[in-house]
Amino acid sequence: MKSSTSYAQAKLNLSLDIVSRLKSGYHNMKMVMQTISLSDKITIECKSGSGFSINPGLPYLPRDERNIAVKAAKLFFEHTGISGFHTFINIEKSISVCAGMGGGSADAACVLRVLDDLFETELGLDTLRHLGLSIGSDVPFCISGGTALAEGRGEILTDLPHLPAAYFVVCKPHFSCSTPQLFSLVKCEKIRARPDTAGLITALENNDLGGVARRMYNVFEDILPRGKNEVDDIKWNLLDYGALGAVMTGSGPTVFGIFDNEKSAHRAYERLKSEYEECFLAHCR
């Protein structure tokens with residue numbers, strides 16, 4: 001039997017811009033992305049047999065091939081031609097679901113990495129990212145993590161200088177967002193406010209955390225349906241509690257604030273935790 005445990009790290013969007021709509025129906029994105037210490041714990045066991053089984057960590061998540069982690073495992077074995085194994089995946093969930101933090105994508109990326117190590121297939125970063133893209137647009141970034149500029153659907157990745165030491169307070173409002181629904185509302189030609197991506201990258205190059213925080217922006221915030229005022233409420237609370245900047249991540253609705261010292265971050269976390277169950281304190285990874 002082969003067995004291994006690893007961690008799938010959540011991602012945050014320091015910026016998110018929707019540049020255009022592609023002929024394929026997908027959107028051409030420009031995003032600065034960052035992995036953080038908040039993570040799911042994933043254990044994979046492969047023993048003689050066939051098929052796949054999974055404990056997804058939450059009762060309402062699929063326990064079959066609809067689960068993105070199982071899709072990743074199935075894709076790995078199809079690509080490598082390896083057979084004769086039953087694969088069991090156990091996930092201990094910490095990353096919020098439907099929250100804009102790439103929880104499912106991170107899990108899929110982790111499965112691909114772990115299986116590549118277990119079977120010593122040495123597929124390489126490019127191949128793992130290519131496989132990941134067929135499962136989800138955020139999976140290629142989650143394969144390697146760190147700090148990166150993601151363009152296209154998310155598959156065109158450029159490594160960036162790592163974010164200076166920072167702390168994050170991550171808070172999910174009391175509702176979820178449908179990514180397909182939000183994308184259906186996007187009209188690229190009507191987007192008026194966009195992030196200063198170039199300026200944010202320059203701030204990273206200068207090791208300027210404050211400069212990064214001031215330039216964080218997500219165009220999806222202007223596309224949210226009415227009645228989602230909690231996003232703004234959490235942002236203002238984070239800023240009041242000392243965050244250098246605050247923004248929604250991905251297609252939302254999770255909001256995070258970035259802090260330059262742990263004490264301030266912990267104080268903000270304690271205040272928001274009393275109001276929001278899904279509230280986390282994290283740091284860069």
Side-chain angles (χ1 to χ4, degrees), residues 8-18 27 29-40 57-58 60-61 68 93-107 136-139 141-142 150 154 167-187 190-195 213 215-241 243-259 265 268-282:
Q9 295 163 346
K11 66 88 183 170
L12 297 177
N13 291 89
L14 302 179
S15 69
L16 188 154
D17 195 6
I18 306 172
H27 287 80
M29 312 293 290
K30 181 177 282 190
M31 307 174 285
V32 177
M33 303 172 78
Q34 174 70 50
T35 44
I36 60 172
S37 58
L38 176 64
S39 58
D40 293 340
L58 293 171
Y60 53 82
L61 294 177
I68 191 171
K93 289 293 294 181
S94 295
I95 305 172
S96 298
V97 177
C98 297
M101 290 191 284
S105 295
D107 291 348
S137 296
D138 284 338
V139 180
F141 168 75
C142 292
Y167 301 90
F168 302 90
V169 176
V170 183
C171 186
K172 183 185 177 185
H174 299 108
F175 66 91
S176 295
C177 286
S178 164
T179 299
Q181 180 187 16
L182 280 186
F183 269 112
S184 72
L185 298 174
V186 172
K187 292 181 173 55
K190 292 188 177 181
I191 297 176
R192 294 176 181 172
R194 296 183 180 274
R215 290 170 175 83
M216 295 193 307
Y217 188 71
N218 183 341
V219 299
F220 270 129
E221 289 187 36
D222 296 328
I223 302 171
L224 284 174
R226 292 182 179 179
K228 308 302 184 184
N229 296 334
E230 271 187 290
V231 168
D232 286 335
D233 291 344
I234 294 172
K235 284 176 63 176
W236 286 115
N237 280 331
L238 285 165
L239 293 170
D240 285 344
Y241 298 154
L244 301 178
V247 71
M248 188 176 80
T249 182
S251 58
T254 300
V255 176
F256 70 92
I258 190 167
F259 295 78
Y269 164 74
E270 290 293 340
R271 290 178 177 177
L272 283 169
K273 183 68 175 176
S274 64
E275 298 179 52
Y276 297 94
E277 180 180 355
E278 294 182 84
C279 185
F280 311 93
L281 183 62

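The shortest distance between side-chain heavy atoms of Pro195 and Asn218 does not fall below 4.5 Å.
Separation of atoms CD1 (Ile223) and SG (Cys177) is listed at 11.0 Å; rounding is to 0.5 Å. With rounding to the nearest 0.5 angstrom, the CG atom of Leu16 is 10.5 Å from the CZ atom of Arg194. Here CD1 of Ile234 is found 12.0 Å from CG of Leu239. Values are rounded to the nearest 0.5 Å. Rounding to the nearest 0.5 Å places CG of Leu14 at 5.0 Å from CZ of Phe256. Atom CZ of Phe141 sits about 8.5 Å away from atom NZ of Lys11, to the nearest 0.5 Å. Separation of atoms CG (Leu281) and CG (Leu272) is listed at 11.0 Å; rounding is to 0.5 Å.
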Taking it one step at a time, do Phe183 and Phe220 satisfy side-chain contact (heavy atoms from CB on, under 4.5 Å)? CA-CA 9 Å; Phe183 269 112; Phe220 270 129; 3.6 Å; yes
Test side-chain contact (heavy atoms from CB on, under 4.5 Å) on Phe280 and Ile95 and set out the steps. CA-CA 9 Å; Phe280 311 93; Ile95 305 172; over 6 Å; no
Could you please spell out the steps behind the side-chain contact (heavy atoms from CB on, under 4.5 Å) verdict for Val186 and His27? CA-CA 9 Å; Val186 172; His27 287 80; 4.1 Å; yes
Test side-chain contact (heavy atoms from CB on, under 4.5 Å) applied to Leu12 and Met33, step by step: CA-CA 6 Å; Leu12 297 177; Met33 303 172 78; over 6 Å; no
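Evaluation of the side chain to side chain donor-acceptor pair (under 3.5 Å) rule for Asp107 yields Lys93 as partners, not counting sequence neighbours.
Atom NZ of Lys235 sits in a crowded spot, with more than 12 heavy atoms from other residues, nucleotides or ligands closer than 6.0 Å.
Side-chain atoms of Lys172 come within 3.5 Å of backbone N or O of Val97 as a donor-acceptor pair. A donor-acceptor pair is defined here as one N or O able to donate and one able to accept, closer than 3.5 Å; such a pair exists between the side chain of Glu221 and the backbone of Met248. Within the 3.5 Å criterion, the main-chain N or O of Tyr217 finds no donor-acceptor partner in the side chain of Ser15. Listed for the Lys187 side chain is no donor-acceptor partner under 3.5 Å among the backbone atoms of Ile191. In this structure, the side chain of Asp40 engages the main chain of Ser94 through a donor-acceptor pair within 3.5 Å. Under the 3.5 Å distance criterion, the side-chain polar atoms of Thr249 are matched with a main-chain donor or acceptor of Gly100.
Contact record, Leu38 with Ala282: N-CB, 4.1 Å, taken as the closest heavy-atom pair. Closest of all the heavy-atom pairs between Thr179 and Ser251 is OG1-OG, 2.6 Å. What you find for Val169 and Cys279 is that their closest heavy atoms are CG1-SG, 4.1 Å. For Pro173 against Val231, the heavy-atom pair with the smallest separation is CG-CG2, 4.3 Å. In this structure, Cys98 and Pro253 approach most closely via the heavy-atom pair O-CD, 3.6 Å.
Relative ring orientation between His174 and Tyr276 is described as parallel, the plane-to-plane angle staying below 30° on a 0-90° scale split at 30° and 60°.
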